[in-house]
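First comes the structure, then the notes that go with it.
Heavy-atom basis, side chains included; hydrogens, waters and symmetry copies ignored.
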Amino acid sequence: MSSTFEPSLSTSRPPIGGTSFADTLPNINFGFDELRDRMAKFTARFDAFIEQGRKRVLEERNQFRMNVAELQEDQRMKKKDVEILQLKTNTYQQTMAKEAAETREMQSSIAELTAQRDRQAAARDALKEQIAATQRDIDARLAAQRAHQAQLEAQARFNVPELDFWVTNLCMRIEGAGVEYRLKFVYTHVDEKNWEREAWFELCTGSRDYDVRHCRPKLEREKVEKVLERVNETRELVTLLKGMRELFVEAMRS
């Protein structure tokens, strides 16, 4: 790239013995110094702008990192809060399930106790009714026994002389049978072969009708019942004493 900008020999060679052509050209000032100064100022401002932009970018990047770190920390804390809340929720659900089970168990126990109380109340009422019925029956029997005893005592006052007469004439004695409302009548002279041989029977006076419970020797129950029927109709004790002696004499002969 050479000869294009190089002056030709004709133009560059000064004329012999005169002034040069360059000396005739006007003096032109391009303002390089001012341009250089402006370029330097622009460069300084540009460098300051770049530096300021770099600092701003660094600050924004650091701020972004801080914001990201804060967001991550917030996310971690929220995740931890969610885990704690989930744990509390599970604990609460377990507690509720346990309380519900305990409630059902208590309700079952209450129902069972209520049923047991009702059964006991029903049994108590039935027992009270049974006791009352038993007491009424006892009172009725006691009243009947007192009335019968009074009747026997009233009859005994009239029958004492007659009873003594039949005790002597029937060869009989009266003993206690060891049981309340029961008398033992013992006969002798019923066996023709042995006058000392005894025959006896026990008379129960605890009810309205007389009843013969035991006797020796054994007698046929039907015959004893016939004698008891006559006695309970007439209410005369001598009928029983005579009838039983006749049965014993008949049994001794057979």
Q52 atom CD, over 12 foreign heavy atoms within 6.0 Å: no
Euclidean distance, H214 NE2 relative to W200 CH2, rounded to 0.5 Å: 7.0 Å
Ionic contact status for E198 with R173, cut-off 4.0 Å: yes
Sole residue of R141, Q135, R136 in side-chain hydrogen bond (donor to acceptor under 3.5 Å, both in side chains) with D139: Q135
Min side-chain heavy-atom separation T114-R117 under 4.5 Å: yes
Flag for Q86-N90: side-chain donor and acceptor within less than 3.5 Å: yes
Neighbour count above 12 (heavy atom, 6.0 Å) for E196 CD: no
Donor-acceptor pair, distance only, cut-off 3.5 Å: does the side chain of Y187 make one with the backbone of F201? no
Would you indicate whether the side-chain heavy atoms of Q75 and L71 approach each other to under 4.5 Å? no
Is there side-chain contact between L228 and D209, with at least one heavy-atom pair below 4.5 Å? no
Does any non-hydrogen side-chain atom of F248 lie less than 4.5 Å from one of C215? yes
Is a donor on one side and an acceptor on the other found under 3.5 Å between the side chain of S109 and the backbone of E105? yes
Do the side chains of K41 and D37 get close enough for a salt bridge, i.e. N-O under 4.0 angstrom? yes
Pairing of E225 and R221 as salt bridge, 4.0 angstrom limit: yes
Cationic N near anionic O, under 4.0 Å, R230 to E236: no
Are the side chain of N62 and the backbone N or O of L58 linked by a donor-acceptor pair below 3.5 Å? yes
Heavy-atom side-chain contact between L203 and F185 under 4.5 Å: yes
Taking the side chain as everything from C-beta on, heavy atoms only, tell me whether E233 gets closer than 4.5 Å to T239. no
Is any side-chain heavy atom of E51 less than 4.5 Å from a side-chain heavy atom of D47? no
V212 to V224 - nearest heavy-atom pair and separation: CB-CG1, 3.9 Å
Salt bridge (charged side-chain N to carboxylate O under 4.0 Å, His left out), paired with D191, selected from R245, R197, R253: R197
Give the minimum heavy-atom separation between A251 and L219, together with the two atoms involved. CB-CD2, 3.8 Å
Hey, could you give me the CD/CG distance between E202 and L183, rounded to the nearest 0.5 Å? 9.5 Å
Please report the interatomic distance CD1(I174) to CG(L241), rounded to the nearest 0.5 Å. 7.0 Å
Give a yes or no on this: more than 12 heavy atoms of other residues, nucleotides or ligands lie within 6.0 Å of atom CD of E83. yes
Quick check for you: to the nearest 0.5 Å, what is the distance between M66 atom CE and E73 atom CD? 13.0 Å
Ring geometry between F46 and F42 (parallel below 30°, tilted from 30 to 60°, perpendicular above 60°): parallel
For atom CD of E220, is the number of surrounding heavy atoms from other residues, nucleotides or ligands below 6.0 Å larger than 12? no
Euclidean distance, R182 CZ relative to D211 CG, rounded to 0.5 Å: 8.5 Å
Straight-line distance of E246 CD to L170 CG, nearest 0.5 Å: 9.5 Å
Is there side-chain contact between V68 and R65, with heavy atoms separated by less than 4.5 Å? no
CA sep, side-chain torsions, deciding dist, call: V249, M252, side-chain contact (heavy atoms from CB on, under 4.5 Å): CA-CA 5 Å; V249 171; M252 294 290 187; 5.7 Å; no
